[in-house]
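Mind looking over this structure? Questions follow.
Just so you know, these numbers use all the heavy atoms, side chains as well, and skip hydrogens, waters and symmetry mates.
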Amino acid sequence: MRIQAIVVRIIRQFFRDKRTLALMIVAPMFVLFLMDLVFNGESYEPHIAINSNVPHQLEIALKEAGAHVKTMTKTKAMTELDEQQIDAWIEMDQTTLRITLEGSDPSVSKTVLMTVQQAMQTLMPRTEQKIAVETVYMHGSEDMAPFDYFGPVLIGFFIFFFVFLIAGVSFLRERTSGTLERLLATPLKRWEIVIGYVIGFGIFTTIQASFISLFAIHVLNMMMEGSFWYVLFITFLLAMTALTLGTLLSAFANNELQMIQFIPLVVVPQVFFSGLFNLDTMEPWLRSIGVAMPLYYGADALREVMIRGKGWEAISIDVYVLISFSFLFMILNVFALKKYRKL
């Protein structure tokens, strides 16, 4: 009878907490649905630009191998390569085929080279001329490991995830322990309370972001082509975005379990749209979801600095978007405090 009483109590507890019951069913299905959309996408088809002196037969062979091919001048090709609008530029120098790869994504570079190799094999029976192939990398190198490409995204993700979780749980404890209630009883304005919490938690999240970045770059020897100060600045903005979002959502949680339940709905989807997986293989409507994800902008900025060695011009839009996210979440935090006191 005692065991039966325990079982009945647990069942009743779950049915009282309808949010937990719903998330136990909905959250796994939602994540599986996202995984199905991401991993069941089409295979990647490289975008290759060629010079006008490349044999027409090779152009046809590249298209037959699945590449998107267009003819352009070298100047335009280099610009589009730098802006990641194309994956490779091919030009012919007598009997040498020179391939310039964008190079920041090893998987894309491998796909381009395999496509060219397949096209050359198709072309060989049609010509007796031997063609040498020379490969040049605009960013990265032939020895670039997949971890170097995923590294910036992982730095951004772990900073975002742990700051979101720690900030949300810590702010929840402030509320459940009565600390926030006592602050709300003072003449302080809601925005002053929010700013105070953001600065207080922000100090420790900044230290955390700095240590993670230093460890990844100097201990794990992750690729670092640009300024380390830009990396610190971007990780700081990611941490602040996660901090303000975590404190915002904690206002709608009654306990730590409910705070953790936000992870599969808020954090996990960002992994799929952060660039950890090739977004070009997804449907256009699905790729557009990424613009609503803070991690999408943080990961893009980190890659621009760490892999491509870019500066402010390349990351400025990402920076402004992350700042906007932080301010938006701070403003929403002020309104969320209306649940506890109206000023």
Side-chain angles (χ1 to χ4, degrees), residues 37-93 96-124 126 131-153 223 225 272-288 290 296 299-300 303-304 307-310 314:
L37 291 175
V38 171
F39 293 112
N40 281 339
E42 299 178 355
S43 58
Y44 183 71
E45 298 178 342
H47 293 74
I48 300 174
I50 61 173
N51 200 349
S52 56
N53 62 2
V54 172
H56 183 62
Q57 294 89 342
L58 179 58
E59 179 182 355
I60 295 174
L62 286 170
K63 291 179 179 178
E64 291 176 349
H68 297 277
V69 184
K70 52 185 176 180
T71 304
M72 63 178 65
T73 63
K74 185 173 184 177
T75 302
K76 185 179 180 182
M78 290 302 106
T79 301
E80 293 202 5
L81 264 182
D82 194 47
E83 295 174 354
Q84 303 164 62
Q85 296 179 14
I86 58 175
D87 302 313
W89 154 251
I90 298 178
E91 57 185 332
M92 194 78 176
D93 182 12
T96 301
L97 193 71
R98 183 176 291 107
I99 307 171
T100 303
L101 297 166
E102 192 276 331
S104 60
D105 186 345
S107 63
V108 172
S109 298
K110 183 178 180 181
T111 302
V112 171
L113 294 176
M114 289 178 63
T115 302
V116 173
Q117 183 181 10
Q118 183 179 344
M120 294 290 289
Q121 289 175 349
T122 304
L123 189 62
M124 283 301 180
R126 306 176 190 174
I131 300 176
V133 178
E134 178 184 338
T135 306
V136 179
Y137 288 79
M138 176 173 280
H139 303 293
S141 67
E142 185 179 0
D143 300 324
M144 182 179 175
F147 184 68
D148 290 320
Y149 181 70
F150 297 140
V153 180
M223 179 177 286
E225 297 292 333
F272 298 111
F273 300 98
S274 63
L276 197 60
F277 307 100
N278 197 323
L279 301 180
D280 292 330
T281 60
M282 303 180 190
E283 294 293 333
W285 68 267
L286 188 60
R287 293 200 298 267
S288 63
Y296 170 87
D300 181 67
R303 273 182 173 157
E304 290 289 351
I307 297 177
R308 303 183 184 102
K310 298 292 186 67

> Under the 3.5 angstrom rule, does the side chain of D87 hit a backbone N or O of I48 as a donor-acceptor pair?
Replying inline: no

> Are side-chain heavy atoms of L97 and I90 found at a separation under 4.5 Å?
Replying inline: yes

> Do the non-hydrogen side-chain atoms of I307 and P152 ever get within less than 4.5 Å of each other?
Replying inline: yes

>> Are W89 and N51 packed together at the side-chain level, in the sense that at least one heavy-atom pair is separated by less than 4.5 angstrom?
In response: yes

>> Counting C-beta onward and ignoring hydrogens, is there a side-chain heavy-atom pair between L58 and M120 closer than 4.5 Å?
In response: yes

> Please walk me through it: do E304 and H139 pass side chain to side chain contact (heavy atoms under 4.5 Å, CB included)?
Replying inline: CA-CA 10 Å; E304 290 289 351; H139 303 293; over 6 Å; no

> Is the shortest heavy-atom distance from the side chain of S104 to the side chain of R303 under 4.5 Å?
Replying inline: no

> Does a side-chain heavy-atom distance below 4.5 Å link S109 with Y137?
Replying inline: yes

>> As an exercise, state the distance from CD1 of I99 to CD of Q117, rounded to the nearest 0.5 Å.
In response: 10.0 Å

> What distance separates S52 OG from E91 CD, expressed to the nearest 0.5 Å?
Replying inline: 10.5 Å

> Which pairs pass salt bridge (Lys or Arg N to Asp or Glu O under 4.0 Å) with one or both residues in residues 100-115, sequence neighbours excluded?
Replying inline: E102-R308

> Less than 4.5 Å apart, any side-chain heavy atom of L62 and any of I50?
Replying inline: yes

For residues 67-75, dump all side-chain donor-acceptor pairs below 3.5 Å to protein atoms at least two apart in sequence or in another chain.
from, atom 1, to, atom 2, distance (Å)
H68, NE2, E45, OE1, 2.8
K70, NZ, E80, OE1, 3.4
T73, OG1, K76, N, 3.4

> Side chains of S274 and Y296: does their closest heavy-atom pair fall under 4.5 Å?
Replying inline: no

> If you take all heavy atoms of I86 and A77, which pair is closest and at what distance?
Replying inline: CD1-O, 3.6 Å

> Which residues pass the salt bridge (Lys or Arg N to Asp or Glu O under 4.0 Å) test with E225, sequence neighbours left out?
Replying inline: none

> Measuring from M138:CE to L81:CG, what's the distance to the nearest 0.5 Å?
Replying inline: 4.5 Å

